[in-house]
Every structure is written in structure tokens, then in C-alpha cells.
Amino acid sequence: MLSLSSSPAPPRLLPPLPPSPEPSRPSSLSATTFSSPSQLKQLHAQLVKAGRSLSTLPLPQAAVVCALSPSSADFDYARSLLRRAADGKQEGVIWNTCLNALAGSGAPINALRLFSRLRTASYVLPDSFTCSFVLKACSELGPAAADVSLPAGRAVHGLVEKLGLHSDLYLHNTIVLMYACCGAMVEARLLFEKMPRRDVVTWNIVITHFVKRGDMETARELFDEMPERNVRSWTTMIGGYVQSGKPKEAIRLYCDMEEMGVEPNEVTVVAALAACADLGALELGERVHEYANRCGFLKNVRLCNTLTDMYIKCGCIELARGVFEEMEEKTVVSWSAMICGLAMHGQGEEALQLFSEMKRVGVRPNGVTFLGLLHACSHMGLLEEGCEFFTSMSRDYGLVPEIEHYGCMVDLLSRAGRLQDALEFIHKMPVAPNSVVWGALLGGAHVHKNVKMGEEAIKHLRRLDPLNDGYYIVLSNIYAEAGRWEDVARVRCMMRDEGVKKTPGWSSIALDGVVHEFVAGDSDHLQAEVIYRRWDELLMQLKSKGYVPDTCAVLLDMDEDRKEQVLHRHSEKLALTFGLINMPPGTPIRIMKNLRVCSDCHAAFKLISAITERQIVVRDRNRFHCFKDGLCSCRDYW
DNA sequence: GTAGGGTTAG
């Protein structure tokens, strides 16, 4: 067994390192099992017998043998083998190559171990390459091991200064990167400020790490300040905005980038498509799709996955399917994305069929695949099939259900009306239920008008996610539909006491590249008057077809006439009317809503799709509703 | 020898 105690005294340059891995817990390099002198000699004997030397080992393994040699004698032995094998090459070059291999291995700590040995025994005078590889190892170790990687990195930084290597810009960049990767942004920034020379990479490193920490403001300041930008600078910022939930900013930058004549690469395109997906920006998404096609990017699987997802999120399930079918190669991610997409669009049967197809071609499902399948079952009310999938995922595929899967199960059970079973399921879960799980029960309680279950759910939700207004609204709806107005008022007090604000609902619709947003009761829009007039006409037609306004959807305790007025100024109705006025007959109308579509609007939209012979696609915060010929793809099951 | 990318239930 190898431990530090059998190693030479800790070198001056590096702080003490954690002990080498035990043989029972090998790192990704199998050679870590050669951890005792006899094993090393055995290995050598085998190699000699086979007419090979240590040099015929893959280099990373040879390096690991050296790094982990328990005693100086073993190290010397390994070293002599390597030197003989390297046949005339300078020893410094051999070690640098070894360090590089270790830094890029699954156990970069071994690079620090080897370096520490080399320094103690003064086997080699470090040069800029040596430093660069050791710094890389520190970066690879990352912030989780900062107690090891940061002191080691600082030591190398000191060494660089001592050796007079500070004019090496490349090396300096690596040091900045090291600090950033170890989570020492202050030091990274300080060094960045002090650097006599910087290039675009220096800037990009610092920006990337602010982006990674979610500090888009600082990243943007630096981005605006930098003297020259390359594709990666742009891409980092665009991707950062997408990651931090600012797709509009992402798209703005993407357009700026195009204007500046910088050619987006495959990564840029992925980020841009993700932004389009978030925003439901179909037109831009299609433009990016064409660009990607022109550039030959469509052979990139990951890019096509994002493209598929973009069409799914923009409500174009057929186009998504088209991209999916055309893909030269499909990974589990491609299949999962498509299955989830079909489920989201209410095409549960197709989702299950696609799963059969996926199994047939031999692609192994992952946890996300099962989320899509459970979602599909929940949507179609396929209780037994859903339970079978849930069992199957661990039984047949060894996948451990995560909290998300439990959330789906609670959704499946409670939507199917099995509220008591759902509650018992929650109590028996091996992981602590989160707000999503209780939220699913609350949703089921709403569908099945079960006040008691709703109250049970909110009890937990108030603790787990007290500021989320959505839950209070649903509870309030449950009370309202039961005619319990005192309780509705009580929920409103509850919200006031907790300082919960109702998120204002909005709906948007794109026309000729311009996004029009509507809020309830909107009178600011240029066409407000025309919209209201057109709605009144529609309302007459609706009523003649048997539409009765569902005033239960209005939470406020007011008289029925007022309620109807409020109801008819819902943002999705305004957006739809705007679309009907401005878009040529026969074209589908696509609407996005930040909240869930209300039940009255849902009923009205079904009829309107029949009356106007229009397809209406609404993306709400959970799923898609595709209204056509008087029906909705969700089958009123949402 | 330095900087980036995908699918997820309510």
C-alpha cells in the first residue's frame, strides 16, 4: 500500500498532497493498480518477457507508474526504464510529456505527485512547458479540490516569476485560467489587470469564468471593453445569456455578431438555437437552421439535437420530427428529446411508439427518456403503463429514479384521480419530496376538485417554496370552484402576509419578425380598439355555438358581469384576436404564454379554431396546446 | 502547451 509516509519528505515547492489512491479505488487509468514495488517489478518482468519495455506502455500509464512509485528506489527504477526507453531524448522532455499525459488523465492529481517528486530530487529544471502542464493539472482539479490545486497553482505561479518566464503570454494565460478554475476569481482578475500584455484568449478566459459563475454583468463589462473579439468571445456571451435565462439578450448579441460580420460556428449556432427555443422565436430559428445547413453543420449530432428541440419548443412538432428523421446518427439525447417533445405536444402514442423504435435499433434509454415516457403516460391517463415504465427503468436498465421521476409518478397518479395513492406514494418515497412533487399533488387536487388534498399539498408548499404564487392561485381556484369565497379571501390574505406577488400574465405573438406582447386588459396596444371590436364579434359567434363563459376562472369575488369582462380581456385572447386580424387566413397562429392557459380561454380557443378554421398553437409554461377543428391536442387533460 | 455546445416532470 502506498502512502505519503513512504514517500520522500514533502518538497519545498508544493504543499502536502493527499495520499495516493488505494488499489481498490483505481482512477480511470488502470496503471494505478501498480502501486507496490513488487507489482511494478512484476509488470516489468512481464514486459521484458513479452519483449517490450516500459516505454511500450501507453504513456499515461507509464507516467502513473512513475508518479506512484512508492519509494525513491522504485522511482529510480521506473525512471531508468523510461530513460532507456526514451532513447536519447532529453530527460526534461520525457517528464514534460509524462506531466502532460497525467494532467489530461482522469486523475490530474498524479501530475502534481510526479512534479513534486521531480522537484524534490531536482531531476529537472522546470521550463515553461513543465509549468504549463502542472498548471493544467491544477485547473483540471478544479474548485472542489481547491485546497490542493490552489496552493499548488500559486506555487507554480511563483516559480514562473522566479524563472523569469513572465514574458510568456501563453503561460500567463494558463495561470489566469488556473486561478479561475480553482475558483479564485479575485486573484484571476488581479493578475489579468496587472498583465503587461493580453491577447483575446486572456480576455476570453476571464469572461468565460464570470459567465460560469452567472455574473453576466461583469462578463458584459469586460466583453464591451475588450479591444478585439473573436467567435469564441461572442459565443461565450451568447451561451451565457441563454444559461442565465436571458434569451433576448442572447439573440440581440447574435444579431450584433452577424452585423459585425463574424461567422458563427457550430457552438454559436447551438447557443442561438437554444435561445430561439426559449423564446419561441421560430423565424430566427429557421434562419439559423438554414445557415447551419449552408455551413454543413447538420452532420453534427448535438447541433441537430438542439435544432430538434428548437422546433419542438416553437410548436412545430412536424419540423422537429423532420430534423430528427434526417439525422445521420441519433444518440440517446436525440431520442429522448423527441420523445419528450411528442409528450409535450400531446402525442403520447407517438412517444411510446418512438420508444419501441428506439429499443429496436438498440439505443439504451436514460433517465430523461423515462421522464418523457412518464409524461406521455400521465398525459394520456395510462396509469398502468406509467407504473410499468417506472418499475422498468430500474429493473431493466439499472436507472435509479430521481426526484423528477417521482414528480412524474405523483402527477400520473393524481391526474388519474388516485389522490390517496399519490399521497401514500409521496410518504413512501426514498427521497425527500420537493415542491414539484407537492405541486403535482396540488394540480391533481384541482383537476379532481379535492379541497382536502389541496390543503394537504399547500401545507408543504408553503414551507418548500413560499414565494411561488402559482400554488396559492391553484388553491384559490380549488376554493372558488367549490364556491368557498371566504377561503378564497383567506388565500389572498395568506399571500399578502407572506409577501407573495401574483406574477402578471402575458401572452406574445410574432408578426413579421416583431414580437407583440399583451397583458390582461391591455389597452396600450396600437390596435387595441380594433382588437376589442373583433373580439366582440367573435364572442357572439362563440355564444351561438354554445360557449358559456367560465367565470370560475376569475378569482376575484365580484359580480358575474364584471367577471366576464375580466375574462374576456385575458392576454391570450387579446393575442389570438390580434393574430386573427393580422395573419392571412389559413396560417397557423402561434401564441406563447408565461403562465398556464386558463380554462375559459382553453374552451374558447377550441371553438374559435373550428369557427375560423384556424390552427392555433399555444405554448404555455408547461406544454403545448394545439387547437384544431374544435379540439385540443391536450384532450383537455392538463 | 491556454477559452466554449445538447434532451428533463409541474
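Note on naming: letters A, B, ... go to the chains in the order of the sequence lines (proteins, then strands), and numbering restarts at 1 for each one.
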Novice: State which of dT8(B), dG5(B), dA3(B) makes the closest approach to the side chain of Leu303(A).
Specialist: dG5(B)

Novice: Think Tyr170(A) has a side-chain N or O under 4.0 angstrom from the OP1 or OP2 of dT2(B)?
Specialist: yes

Novice: Let's see if you can work this out: which of dG1(B), dG10(B), dG6(B) has an atom nearest to the side-chain heavy atoms of Asp411(A)?
Specialist: dG10(B)

Novice: I need the NE2-C1' distance between His448(A) and dG10(B), as an integer number of Å.
Specialist: 15 Å

Novice: When we call it a touch if two heavy atoms are under 4.0 Å apart, what does Asn300(A) touch: a base, just sugar-phosphate, or nothing?
Specialist: base

Novice: With a 4.0 Å cutoff (strictly under), does any side-chain N or O of Arg623(A) reach OP1 or OP2 of dA9(B)?
Specialist: no

Novice: Choose from dT2(B), dA9(B), dG1(B) the nucleotide whose nearest atom is closest to any side-chain atom of Val436(A).
Specialist: dA9(B)

Novice: If you check every side-chain atom of Met344(A), which of dA9(B), dG6(B), dG10(B) has the closest atom?
Specialist: dA9(B)

Novice: Asn204(A) side chain: which of dG1(B), dA3(B), dG5(B) is closest?
Specialist: dA3(B)

Novice: Kindly point out which of dG10(B), dG4(B), dT2(B) is positioned nearest to the side chain of Thr268(A)?
Specialist: dG4(B)

Novice: Run through His209(A), His172(A), His157(A) and flag the one making a ring-ring contact (aromatic ring centres under 6.0 Å, His included) with Tyr179(A).
Specialist: His157(A)

Novice: Under a 3.5 Å distance rule, please check whether Asn110(A) uses its side chain to pair with a backbone N or O of Leu102(A) as donor and acceptor.
Specialist: no

Novice: Would you kindly say whether Thr369(A) and Asn366(A) are connected by a side-chain donor-acceptor distance under 3.5 Å?
Specialist: yes

Novice: Give the nucleotide from the list dG6(B), dG10(B), dG4(B) with an atom nearest to the side chain of Val270(A).
Specialist: dG6(B)

Novice: Will you find, in the side chains of Thr202(A) and Asp199(A), an N or O donor that is under 3.5 Å from an N or O acceptor?
Specialist: yes

Novice: With the side chain of Thr208(A) defined as its heavy atoms from C-beta on, choose the nearest nucleotide among dG6(B), dA9(B), dG4(B).
Specialist: dG4(B)

Novice: dT7(B), OP1 or OP2 - any side-chain N/O from Lys313(A) closer than 4.0 Å?
Specialist: no

Novice: Do the side-chain N or O atoms of His209(A) get closer than 4.0 angstrom to the phosphate oxygens (OP1, OP2) of dG4(B)?
Specialist: no

